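Not measured: the values here are computed from a predicted model. We count ligands from 1, going down the list as the structure has it; atoms in each ligand are counted the same way.
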Amino acid sequence: MSIKSTDNQYISHTYKRFDIAIVKGLGALCWDENGKEYIDMTSGIGVNAFGYSDPVWADAVCEQAHLLQHTSNLYYTAPCAELAEILCTRTGMSKVFFGNSGAEANECAVKIARKYAAEHKGEDYYNIITFNKSFHGRTLTTLAATGQDGFHHLFTPLTEGFLYADADDIEGFQKLIKENKVAGVLLETIQGEGGVNMMSGDFLKAVEKTCDDNDIIFMIDEVQTGNGRTGSLYSYQQFDLHPDVVTTAKGLAGGLPMGACLMNEKTAEVLSYGDHGSTFGGNPVCAAAAISVLSRMDDAFLSEVQKKGDYIREKLTAAGYAVSGMGLMVGITTAKPVGEVIAACIENGVLCLSAKDKLRLLPPLNTTWDQLEKAIDVIIGALNE
Ligand SMILES: *Cc1c(COP(=O)(O)O)cnc(C)c1O
């Protein structure tokens with residue numbers, strides 16, 4: 001049987017796949033089972049920070065796999081300790097909990113906010129404010145955190161205690177805090193799945209101040225915006241924010257499953273022995289991959305990400321399209337249905353994503369200038385077609 005028919009017979013139909021079976025890749029290029037080449041502007045939804053099968057990344061993974069692949073969290077291992085140190089040093093945060101996904105990182109964040117509030121204000125202070133159009137994951141708690149009704153339908157009751165605010169409406173946000181017993185706030189600086197919607201810097205600062213004034217845990221979901229994607233290691237660093245908790249995953253280990261929940265000095269000691277855990281969390285192979293990824297994201301690399309993002313914005317703006325996002329996280333408002341644009345791009349050897357009704361690009365951060373120019377020409381052709 002073919003890859004596609006076997007998959008369709010045996011894999012639960014939770015994904016509407018494109019009619020492409022990818023068999024190998026290198027950097028921003030990949031090839032399907034018929035040998036057709038594509039330039040990939042998706043990086044596995046912001047996961048493959050250095051593209052497909054990057055040789056430096058692959059060596060780091062193989063070396064660790066040959067040395068020690070897993071021990072359980074009953075023992076110390078070098079890679080996760082070293083990775084936690086890198087994350088804290090480069091963010092100013094104090095402690096890290098490792099899980100395997102974005103949803104798990106956010107679950108950890110919610111537990112931290114609730115325990116902090118329970119201990120400081122009382123157990124009835126359990127509410128978490130998130131934002132309309134947000135996306136925080138697929139578990140029942142992170143679905144509840146996700147401010148999009150469509151995802152909730154038929155899966156209720158979800159975890160209770162989530163309230164939804166509108167981005168850029170500070171009065172509405174403050175009213176929710178006055179009228180409810182709130183433990184924490186969780187937001188994306190740029191909503192990814194919700195349509196590459198940017199929150200304004202002023203609004204983010206006002207949310208942070210309101211949280212500080214009310215002793216509410218301020219949490220930023222950097223699952224998609226993190227790990228170099230927006231041209232800084234984490235996007236909040238460009239808004240001069242000081243979150244109490246930062247979650248990340250997707251690009252962190254460059255293609256292996258890893259999530260992290262970072263805590264500042266205020267939240268570092270909230271969780272203690274037995275409060276949380278994960279069998280695979282901090283896995284040495286994933287941690288070695290993440291060390292390799294983060295070590296390569298120096299200032300020169302991040303400024304190159306900015307430049308590539310600027311290039312995409314200039315080209316698309318000049319072609320008459322509205323563009324949102326930062327760095328290599330790009331949302332494009334299309335004139336015709338986004339599905340048609342994606343199909344035309346596939347025809348011409350470029351893979352793109354959508355986010356609601358926008359075209360979304362999350363290219364590998366090391367996409368070459370040549371690949372980027374070719375892909376953007378194809379995309380503009382498809383948008384104009
Ligand atoms: C993808 C995503 C998640 C969920 O991550 P998983 O690894 O799929 O659990 C959470 N938050 C944001 C902002 C995301 O983009």
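Distance from atom 11 (N) of ligand 1 to its nearest protein heavy atom, with residue and atom name: Asp221 OD2, 2.8 Å. Atom 12 (C) of ligand 1 has its closest protein heavy atom at Phe135 O, 3.4 Å.
Short contacts between ligand 1 and Ala103, defined as distances under 4.0 Å to a heavy atom of the residue, involve ligand atoms 4 (C), 5 (O), 6 (P), 9 (O). Interface of Ser101 with ligand 1, defined as ligand atoms under 4.0 Å from a residue heavy atom, comprises 7 (O), 9 (O). Of all atoms in ligand 1, numbered sequentially from 1 with element shown, those under 4.0 Å from a heavy atom of Lys250 are 1 (C), 2 (C), 3 (C), 14 (C), 15 (O). Here is the list of ligand 1 atoms found below 4.0 Å of a heavy atom in Glu188: 13 (C). For ligand 1, the atoms lying closer than 4.0 Å to a non-hydrogen atom of Gln224 are 15 (O). Near Gly102, meaning under 4.0 Å from any of its heavy atoms, are these atoms of ligand 1: 5 (O), 6 (P), 7 (O), 9 (O).
The main-chain N or O of Asn227 is never found under 3.5 Å from a side-chain atom of Glu222 such that the two would form a donor-acceptor pair. The backbone N or O of Leu68 sits nowhere less than 3.5 Å from a side-chain atom of His66 that would complete a donor-acceptor pair.
The option with the heavy atom closest to atom 3 (C) of ligand 1, from among Ile45, Val223, Thr139, is Val223.
Around the NZ atom of Lys36, the shell of radius 6.0 Å holds more than 12 heavy atoms that belong to other residues, nucleotides or ligands.
Using a 4.0 Å cut-off between charged nitrogen and carboxylate oxygen, Asp275 and Lys115 count as a salt-bridge pair. Salt bridge status for Asp169 with Lys175: absent, with no side-chain N to carboxylate O gap under 4.0 Å.
Of all the heavy atoms of His136, the ones lying under 4.0 Å from any atom of ligand 1 belong exclusively to the backbone. At a heavy-atom distance under 4.0 Å, no atom of Ala249 approaches ligand 1. Residue Asn106 touches ligand 1 through its side chain alone, judged by heavy-atom distances below 4.0 Å.
The presence of a protein heavy atom under 4.0 Å from atom 7 (O) of ligand 1 is confirmed.
Between Glu193 and the options Lys356, Lys133, Arg360, a salt bridge (Lys or Arg N to Asp or Glu O under 4.0 Å) holds for only Arg360.
In this structure, the ring of Phe203 has its center less than 6.0 angstrom from the ring center of Phe131. The distance between the ring centers of Phe301 and Phe50 falls below 6.0 angstrom.
A side-chain donor-acceptor contact under 3.5 Å links Asn264 and Thr267.
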